Amino acid sequence: MSGSDSIRPYTESEIIMTAVRIVAPFVLTYGLFITFHGADSPGGGFQGGALIGVVVFMLAFAFGIAPTREWVGSGLMTALAAGGVIVFVSVGLGTLALGGKFLEYGLYEPFLGPDATKWGMEAIEIGGVAAIVSGVIMALFFLTAAGYASQGGEDV
Amino acid sequence: MADHTHDPPPGGALLVPVGESVTLRQTVAYTMEIAAAEEISEVHFVSPVAWHDVGDVELAVRERTQSLLDRVSVWAEEDAPADAPTIHTAVIGAEEYLFSPDDYADILARYADERGIKRIIVDPEYSPGGNVPLLRPMEVALAVRGFDVIEAPASRPVRRSRLTRPGGIAQFGLLFGISFLFYQLLGGFVIVTGDSFDFFYELITGTITAGLVAGALYTVTLSNRIRLRTLGKQLLRLGLYVPYLVYEIIKSNILITTIILHPKLPIEPRMTRVRSAVWGGPALTTLGNSITLTPGTLTVRTEGQDLYVHSLFQSARDGVADGALERAVRFVFYGRRAAAIPTPRERGDYVELQGPNAESEPDAGAEADVESEPDAETEPVEEEPK
Amino acid sequence: MNEIRLGAIFVLLAGGVFFTFVSAVGVIRLPDVYTRAHTASQTDTLGAGLVVAAVVLAYGVETEVIKALLLLVFIFITNPTAAHAVGRAAYEEGIEPWTKGDERR
Amino acid sequence: MTLTTAFLTTAAVLVVLAIAVLYRAVKGPTMQDRVIAVNVLGTNTVVILALLAVALDSESFLDIALVYALLNFLMAVAISKFTVKRGDVI
């Protein structure tokens, strides 16, 4: 033990951890709410996706970045970003296949009824933009954090 | 117990405090490695158990501890070298009042002294007294008592609580309900007031959202450790606590207002440390935040049950030392029976780290260890991790 | 009844403005990080709490009142936590708390 | 009517106080001082948003206030993490 007296182990603050535990579900719910109501109220896929990413930031700030990264898993981030792109592109290309322009929602009317434009936008907002934004924002954050660590000679 | 002599065993002996921890297995393995390398003749695995009666807290720990010790001795025998050291296990402290890491260190030291053991191997993740990381003070307390304390290399420079804890269907359901209600609240309850399209849209998206939120976070926000029935009782008592807290906040805000607007700014800020008699995240957070909200005091740091409180003036410090908030928080979390305990000052759990009283707190029992390293608390620490 | 409510709203607003004013004075006037964190968390929380309470009263019985109440709860959870986080950061950085007689920082 | 005026006046006074607090955000001297100042600013912003929600009868301000209150402390928490130079903080 001698010599290690001065190296106090770094502990995360119990108070911050508990506060984040309480707040996180509300932020995530709010993020998803904004995402789902993007077409007709302030907000939308981008803001919602950002809030979903913020939930992960919160956990990372309170519990440490490495454990949070393990908890999230790189698979989820990749899946979100890639899945979002797939949704986006397939909705867009669907209109091309029906003989229109890219993202010309009106062509979905035979399948979705008169509100096709709204539904198309919802699909893009929810399945596309929100997923891409949240996935990318998390991935960027963890990449930046990894950069910090490797500068300090850490094993990432 | 009585068959041991006071002389040290010929080959030397190791003492290992044992408790539930994630690195327990590694610690046992490391201990047996040392024992093999140095031909130690005795290894003692000792589990301190607090046996005091505190409100709603689970008490049937003896069986659990015994089975843990059984597991440890099985592991130790697995790892034992050819000329195996004798392995002893013991549950100690069962009749005593164990609160702080110092108390744990005390009974461990007594056990070790009785058997002439000089070396103690500690599990870096072992945290006696609850799920908060309390290890460092216990290690230091043991080192101060003259033992050779070795930390098993399962150690990490960072002590973290677990991000997720096991949870079940009840936790999932509760969080699902909260999330769904919050979602409908944000939507202005059009699920009730709107047309059928609104109803289905809000119902479906709300269900998806609540499912995602609960699925992602039910092990983070809630856990098995939080029993739902207890949670209900605690929330009820919290409802009683909030008006009291608001009253306290307003009362002392008026005091602090006179001080801030006073032309001479009559403040004497000082750092103090209180070893609070609450444990676990929610209770500690409630206490810490209540202390922060009550003007004149600010929770600066938590280390296990130790709260480092910065206070602006003497009456605020007295408030912390007299522990009215602590008692109220104990009432909220552990019930009325647990509320009646001595104040931090009477327990000797209140220390001023600055100012004229810093070095001379006469009647604090566990203080020798605290005062032996006062500069470790205030010194800027800039070591890089190894 | 309505006059009472109106009066209560005015009192709450006045109190809220007053305590927010005190917190602003404190943040500017007090000598070091820790003491400033005190006012930032305490008087400011009370000030914000009183004003939001006025907002709650103004809403009366609409659904927004739940939102405003929730806002109140969040302020009372997050504000002290933020002050704690800042104080903790200062402490971990090794900033010595100001004591009487020191220079203002 | 007078109620709306009262709420708007309160909001205006709070804006002035927020500007006063900016002095601390500019002067510092430490990072933590600035964070405290910005945190007070953030709380004021939340309160102003809530006031405007009533005064202008626009519910979405309340939504924004809600999420701003939730995110306001994220900054302080982040600072508390990233100004610590010691240990395996990441």
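First the proteins, then the strands, lettered A, B, ... as listed; each starts at 1. Here the structure is a predicted model, which means the values were calculated and not measured.
- For C:L71, the parts sitting under 4.5 Å from any heavy atom of chain D are the backbone and the side chain alike.
- Screening C:T39, C:T43, C:D44 for a side-chain contact (heavy atoms from CB on, under 4.5 Å) involving D:V40 leaves a single residue, C:D44.
- In terms of non-hydrogen atom pairs under 4.5 Å with chain C, the most contact-rich of D:N72, D:V77, D:T43, D:V13 is D:T43.
- No more than 12 heavy atoms of other residues, nucleotides or ligands shown are found within 6.0 angstrom of CZ on C:F21.
- You'll find the side chain of D:L51 reaches within 4.5 Å of the side chain of C:L13, heavy atoms only.
- The side-chain heavy atoms of C:V86 and D:N39, taken from C-beta on, include no pair separated by under 4.5 Å.
- Residues D:L62 and C:Y59 come closest through the heavy atom pair CD2-CE1, 3.8 Å.
- Of the listed residues (C:N79, C:V52, C:T81), the one with the most heavy-atom contacts under 4.5 Å to chain D is C:N79.
- The nearest pair of heavy atoms linking C:K67 to D:L66 is O-CD1, 3.9 Å.
- Of the two parts of D:A55, neither the backbone nor the side chain holds a non-hydrogen atom closer than 4.5 Å to a non-hydrogen atom of chain C.
- Between C:A58 and D:F7 the shortest heavy-atom distance is CB-CZ, 3.6 Å.
- With rounding to the nearest 0.5 angstrom, the CG atom of D:D33 is 4.0 Å from the CZ atom of C:R36.
- Looking at C:V55 and D:V47, their side chains never come closer than 4.5 Å, going by heavy atoms from C-beta outward.
- Between the CG atom in D:L14 and the OG1 atom in C:T20 there is a gap of 5.0 Å [rounded to 0.5 Å].
- Residue with the most contacts toward chain C among D:V46, D:V16, D:V21, D:T10: D:T10 (heavy-atom pairs, distance under 4.5 Å).
- With chain C as partner, the option from D:T9, D:D63, D:V35 having the largest number of non-hydrogen pairs under 4.5 angstrom is D:D63.
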